[in-house]
There are 2 protein chains.
Amino acid sequence: MTIPEAKDKFIEAWGAFGSAWGINRSMAQVHALLLISHEPLSTEDVMEQLNISRGNANMNLRALIDWSLVRRVLKPGERREFFEAEKDVWKVATHITRERKKRELEALIRLLDEMEDIPGATPEAKSIKKMTHDLHDSPPAWTTCWTTAHAAMCSGS
Amino acid sequence: MTIPEAKDKFIEAWGAFGSAWGINRSMAQVHALLLISHEPLSTEDVMEQLNISRGNANMNLRALIDWSLVRRVLKPGERREFFEAEKDVWKVATHITRERKKRELEALIRLLDEMEDIPGATPEAKSIKKMTHDLHDSPPAWTTCWTTAHAAMCSGS
DNA sequence: ACAATGTTTCAATACTATTTGAAACATCGA
DNA sequence: TCGATGTTTCAAATAGTATTGAAACATTGT
């Protein structure tokens with residue numbers, strides 16, 4: 001496998017993976033490109049290498065910065081900005097999960113909170129209460145369940 | 001909050017959550033509905049309660065069974081099938097992560113495998129090698145990183 | 001065999017999300 | 001201040017996904 005082939009495949013795969021997990025493909029591809037670059041890239045570099053528009057490149061670079069996955073880099077004597085990815089996989093994982101937690105999990109947890117006090121003791125009411133309770137408060141709350149199970153699966157089989 | 005309100009909110013929230021994670025909304029909503037039902041539901045029940053078509057309901061019920069999140073239940077004397085969700089949150093988490101691993105992670109890992117032997121020692125080649133290696137083989141492989149970090153985030157702050 | 005009941009499929013359609021591209025906006029140096 | 005260079009925004013176009021609904025298929029009881 002040649003270098004350019006490897007690059008393309010990695011970008012494609014990371015893009016597809018991101019997309020399956022609800023992260024838009026361009027964002028994941030820009031991230032992939034920066035992850036495997038040995039030096040910071042400019043907006044133009046990103047546009048050219050991925051064949052995407054300026055607007056798209058700009059928007060996703062900003063989003064990646066917002067997620068703390070990419071840093072702005074200024075080269076001395078250069079007017080334009082360059083971008084560099086965080087390459088420590090541990091940090092990458094941490095930043096992604098922190099953002100997703102903030103954006104998606106918290107809304108759900110908040111709702112489960114509100115649902116604490118549902119009236120009634122019909123089988124239906126009981127069932128709703130039990131499920132929301134299990135998801136919300138049970139000792140290893142379901143989010144932990146999820147991730148622990150995931151970790152187990154990944155390291156295991 | 002009344003029971004029907006709670007039901008609707010839960011279904012909506014679970015649907016939105018699923019959607020953000022790349023699971024189609026209807027599938028997540030059907031799952032939510034079954035999670036909080038105190039008894040198994042028929043295809044018709046699902047169609048009515050969620051206002052979705054027969055085709056959609058059927059397709060997503062099959063998908064949920066395929067993910068081991070829902071079981072087919074036969075009531076004695078009834079011709080049609082009923083459906084019941086797995087309610088143990090631990091199992092739910094395990095089944096979801098197992099499926100997603102199978103479907104999405106393995107393709108990526110396979111590619112990273114292939115990328116083990118990239119030629120060249122230019123800075124570019126080195127950078128690609130390092131990243132794919134880190135993602136693929138480093139002791140707590142990145143998947144574990146991800147999930148461990150996630151678990152930490154969720155139980156923590 | 002056939003009517004009744006229930007399930008599955010899939011082409012057409014509706015819907016949602018992403019991407020573009022061009023205009024507006026900033027900043028710098030002369 | 002003005003031209004050059006670089007960045008941001010956002011409405012419109014496009015691409016991608018999900019949903020419908022009706023027809024085909026399957027199964028059961030008589």
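First the proteins, then the strands, lettered A, B, ... as listed; each starts at 1.
On a pure distance criterion of 3.5 Å, no polar donor-acceptor pair joins the side chain of B:Arg80 and the base of C:dT5. Donor-acceptor pairing under 3.5 Å, judged by distance alone, is absent between the side chain of A:Arg25 and the base of C:dT18.
Annotation for B:Leu34 and B:Phe83: closest pair CD2-O, 3.4 Å, computed over non-hydrogen atoms. Shown here for A:Leu111 and B:Lys9, the closest heavy-atom pair between the two residues is CD2-O, 3.4 Å. Between B:Glu124 and A:His38, the shortest heavy-atom distance links the atoms CA-ND1, 3.6 Å. Heavy-atom minimum distance, B:Ala125 versus B:Pro119: CB-O, 3.8 Å.
Rounded to a whole Å, the CG atom of A:Leu50 is 16 Å from the P atom of C:dT18. Look at CE on B:Met27: it is 16 Å from P on D:dT17, rounded to the nearest Å. Spacing between atom CZ of B:Arg54 and atom P of D:dA23 amounts to 14 Å, rounded to whole angstrom units. The interatomic distance linking A:Ile52 (CD1) with D:dA15 (P) rounds to 16 Å, in whole Å. At whole-Å resolution of the value, CE in B:Met59 and P in D:dG21 are 15 Å apart. To the nearest angstrom, P of D:dG6 lies 16 Å from CG of A:Leu61. Between the CG atom of A:Asn60 and the P atom of C:dT18 there is a distance of 9 Å, given to the nearest Å. One can place CE of B:Met47 at 12 Å from P of D:dA22, the figure rounded to the nearest angstrom.
A sub-4.0 Å separation between OP1 or OP2 of D:dT7 and a side-chain N or O of A:Asn58 is absent. Residue B:Asn24 places at least one side-chain N or O under 4.0 Å from the OP1 or OP2 atom of D:dT19. Within the structure, every side-chain polar atom (N or O) of B:Thr43 is placed at least 4.0 Å from both OP1 and OP2 of C:dG6.
You'll find that the side chain of A:Asn56 is closest to C:dT19, out of D:dA18, C:dT19, C:dT8.
Along DNA chain C, the nucleotide nearest A:Arg79 and the nucleotide nearest A:Asn51 are compared for position; the residue whose nucleotide lies closer to the 5' end is A:Asn51. The nearest heavy atom of DNA chain D to A:Ser19 and to A:Phe82 marks one nucleotide each, and the one closer to the 5' end goes with A:Phe82.
Note on A:Glu81: only backbone sugar-phosphate atoms sit closer than 4.0 angstrom, heavy atoms only; bases stay farther off.
A cation-pi arrangement is present between A:Arg100 and B:Trp21 under the rule of less than 6.0 angstrom and at most 45 degrees off the ring axis.
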